[in-house]
There are 2 protein chains.
Amino acid sequence: MKLNTKSRYAVMALADMAVFSNQKAVSLRDISLRQGISLLYLEQIFLKLKKNNIVKSVRGINGGYMLVKIPKELKILDILLALDQKVKTIGCKKDSKKSCNGKSTKCITHNFWDELDIHINSFFESKKLSDLLKNKEVRY
Amino acid sequence: MKLNTKSRYAVMALADMAVFSNQKAVSLRDISLRQGISLLYLEQIFLKLKKNNIVKSVRGINGGYMLVKIPKELKILDILLALDQKVKTIGCKKDSKKSCNGKSTKCITHNFWDELDIHINSFFESKKLSDLLKNKEVRY
DNA sequence: ATATACCCGACTAAAATAGTCAAGTTTTTG
DNA sequence: CAAAAACTTGACTATTTTAGTCGGGTATAT
Ligand code: FES
Ligand code: FES
């Protein structure tokens, strides 16, 4: 039961931005240095964040990225979805006629996994980027 | 964010046992046929379930496996743990001196992922095998 | 002009996963 | 006792996923 690193880095990078941007664009180079994430990897991640309207870009010298929403209004769920990190613990498709075991009806565990997905989803839905910034003990 | 199939099948197989065992051992062959899971795969799964004292085995003709606890007392979490399915969404070790980014202190996101793990864990902790059997609409 | 920094598709190496195979041992029952 | 049912175990492999890199762009401030 793991989250992929792209999602983790995305959240980490956005939290970094929230802390260090002063209404200015934050360059990936700076995030890379501060958070120890590969610049090349960050580029790939931010490409998706941009496509999903989580950040907007500023090109050229002194360019970088800016958050589209304020941290208090940016759901963690939206970040995960931007990185294709679906909260779907099993592969059974709701719309498909076939259940996970190839039969025509839902398997004995189906409803349970649904409940699980809802439980996890609601966590990510309720948490905002700003919730990460509350703890003052962390080092940046 | 996925659960592996071994854990899924384990839960499914145990739910099957809970339904079909009448104080008798249930053979893997029967579970395999009813739930459409490879017999060879089930063997591998039940080996672990046995080692972790979730089921006990009865050898020979009319043998099979039996639940050690009644469904109402068998936590889903225990099943997952038996299959090495740790509820640990990121790789950062608590005891390790190193944080996920190689620095000496916890990263900015650490506490958040901890919260997530606790949230998911408590779900699996609270759910029992019997909770899967309530829904009468399913087909076996 | 040129350096900075975003843009984007393709690529690869490594790790995890799902599932199989072979070769047992134990126990019941005819 | 013999044979069949059913559990036991470790090793093995093919596939898929993941993490991370590369190369060659384009836009813009100074
Ligand atoms: S049918 Fe949906 S999980 Fe099995
Ligand atoms: S230090 Fe634990 S998650 Fe980053």
Side-chain angles (χ1 to χ4, degrees), chain A residues 1-10 12-13 17 21 24-33 35-68 80 83-86 88-91 100-102, chain B residues 1-10 12-13 17 21 24-33 35-68 80 83-86 88-91 100-102:
Chain A
M1 193 117 199
K2 272 187 186 171
L3 214 58
N4 64 23
T5 59
K6 272 184 193 165
S7 307
R8 299 205 291 109
Y9 286 164
M12 196 186 284
M17 285 178 70
S21 105
K24 287 191 211 111
V26 180
S27 76
L28 294 189
R29 200 178 128 275
D30 287 352
I31 299 177
S32 169
L33 291 172
Q35 304 298 331
I37 306 170
S38 150
L39 175 60
L40 292 164
Y41 209 20
L42 277 177
E43 284 183 351
Q44 205 183 115
I45 290 165
F46 273 74
L47 204 63
K48 295 203 176 204
L49 290 176
K50 187 192 169 166
K51 270 185 187 151
N52 287 277
N53 207 38
I54 308 286
V55 295
K56 58 192 171 193
S57 64
V58 182
R59 300 188 92 163
I61 284 184
N62 294 327
Y65 288 95
M66 303 188 71
L67 291 169
V68 167
L80 301 188
L83 275 296
D84 309 315
Q85 181 70 238
K86 304 255 170 59
K88 195 86 181 61
T89 52
I90 58 141
C100 68
N101 51 16
Chain B
M1 194 119 200
K2 272 189 187 168
L3 214 58
N4 63 24
T5 59
K6 273 184 194 166
S7 306
R8 298 204 292 109
Y9 286 164
M12 197 186 283
M17 285 179 70
S21 104
K24 287 192 210 112
V26 179
S27 76
L28 293 188
R29 200 179 129 276
D30 287 352
I31 299 177
S32 169
L33 291 173
Q35 304 298 331
I37 307 169
S38 150
L39 176 60
L40 293 162
Y41 209 21
L42 277 177
E43 285 181 350
Q44 204 183 113
I45 290 165
F46 273 73
L47 200 64
K48 295 202 176 205
L49 290 176
K50 187 190 168 164
K51 271 186 185 151
N52 287 276
N53 206 39
I54 307 286
V55 295
K56 58 192 174 195
S57 65
V58 181
R59 300 188 90 160
I61 284 184
N62 292 327
Y65 289 94
M66 303 187 71
L67 291 169
V68 168
L80 301 188
L83 274 297
D84 309 316
Q85 181 69 240
K86 304 255 171 58
K88 194 86 181 62
T89 51
I90 58 143
C100 68
N101 51 16

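- Straight-line distance from the CG atom of B:Leu28 to the C1' atom of D:dT9: 14 Å, rounded to whole Å.
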Contact list (N/O, under 3.5 angstrom) for nucleotides 20-27 of chain D vs protein:
residue, atom, partner, partner atom, Å
D:dT21, OP2, A:Ser38, OG, 2.8
D:dT21, O4, A:Gln44, NE2, 2.5
D:dT26, O2, A:Arg59, NH2, 2.8
D:dA27, O4', A:Arg59, NE, 3.3
D:dA27, O4', A:Arg59, NH1, 3.1

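- Between A:Leu42 atom CG and C:dC7 atom C1' the separation is 14 Å, expressed in whole Å.
- For B:Ser32, the side chain to side chain contact (heavy atoms under 4.5 Å, CB included) partners at least two apart in sequence or on another chain are B:Leu39, B:Leu42.
- Every residue two or more places apart in sequence or in another chain was checked for a side chain to side chain contact (heavy atoms under 4.5 Å, CB included) with B:Arg59, and none qualifies.
- To the nearest angstrom, P of C:dC7 lies 14 Å from CG of A:Asn52.
- Closest to the side chain of B:Leu47, from the set C:dT29, D:dT9, C:dG9, is D:dT9.
- Atom pair B:Lys86:NZ and C:dT17:C1' shows a separation of 16 Å (rounding to whole Å applied).
- Side-chain contact check for B:Asn4 versus B:Gln85: some heavy-atom pair is nearer than 4.5 Å.
- Evaluation of the side chain to side chain contact (heavy atoms under 4.5 Å, CB included) rule for A:Asn62 yields no partner, not counting sequence neighbours.
- Shown here for A:Ala25 and A:Met66, the closest heavy-atom pair between the two residues is CA-CG, 3.6 Å.
- Distances from the side chain of B:Lys51 to the nucleotides D:dG10, C:dT17, D:dC7 place D:dG10 closest.
- Atom NZ of B:Lys48 is separated from atom C1' of D:dT8 by 15 Å (rounded to the nearest Å).
- Atom P of nucleotide C:dA16 and atom CD of B:Gln85 are separated by 13 Å, given to the nearest angstrom.
- The CE atom of B:Met1 sits 8.5 Å away from atom OG1 of A:Thr89, with the distance rounded to the nearest 0.5 Å.
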Begin from the C-alpha positions of B:Ile90 and A:Lys2 and carry the test side chain to side chain contact (heavy atoms under 4.5 Å, CB included) through to its verdict.
CA-CA 6 Å; B:Ile90 58 143; A:Lys2 272 187 186 171; over 6 Å; no
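- Listed by first and then second residue, the salt bridge (charged side-chain N to carboxylate O under 4.0 Å, His left out) pairs involving residues 39-49 of chain B are B:Lys48-B:Asp84 (not counting sequence neighbours).
- Checking the phosphate oxygens (OP1, OP2) of D:dC7, no side-chain nitrogen or oxygen of B:Lys50 falls inside 4.0 Å.
- The rotation axes computed at either terminus of the helix from C:dA1-D:dT30 to C:dG30-D:dC1 lie 10° apart, taking five pairs at each end and rounding to 10 degrees.
- For C:dT29, one of the phosphate oxygens OP1 or OP2 lies less than 4.0 angstrom from a side-chain nitrogen or oxygen of B:Asn62.
- Using a 4.0 Å heavy-atom cutoff across all strands shown, B:Phe46 reaches no nucleic acid atom at all.
- Residue B:Asp84 contributes atom CG, which lies 12 Å from atom P of C:dA18 at whole-angstrom precision.
- In this structure B:Ser21 satisfies the side chain to side chain contact (heavy atoms under 4.5 Å, CB included) test together with B:Val26, sequence neighbours excluded.
- The CG-P distance, from A:Leu3 to D:dA19, rounds to 9 Å in whole Å.
- Checking B:Lys2 against A:Val58, the closest nucleotide of DNA chain D that is more toward the 5' end is the one next to B:Lys2.
- Residue B:Ser27 places none of its side-chain N or O atoms closer than 4.0 Å to OP1 or OP2 of D:dC7.
- Ring orientation note: the planes of B:Tyr65 and B:Phe46 are tilted relative to one another, at an angle of 30° to 60°.
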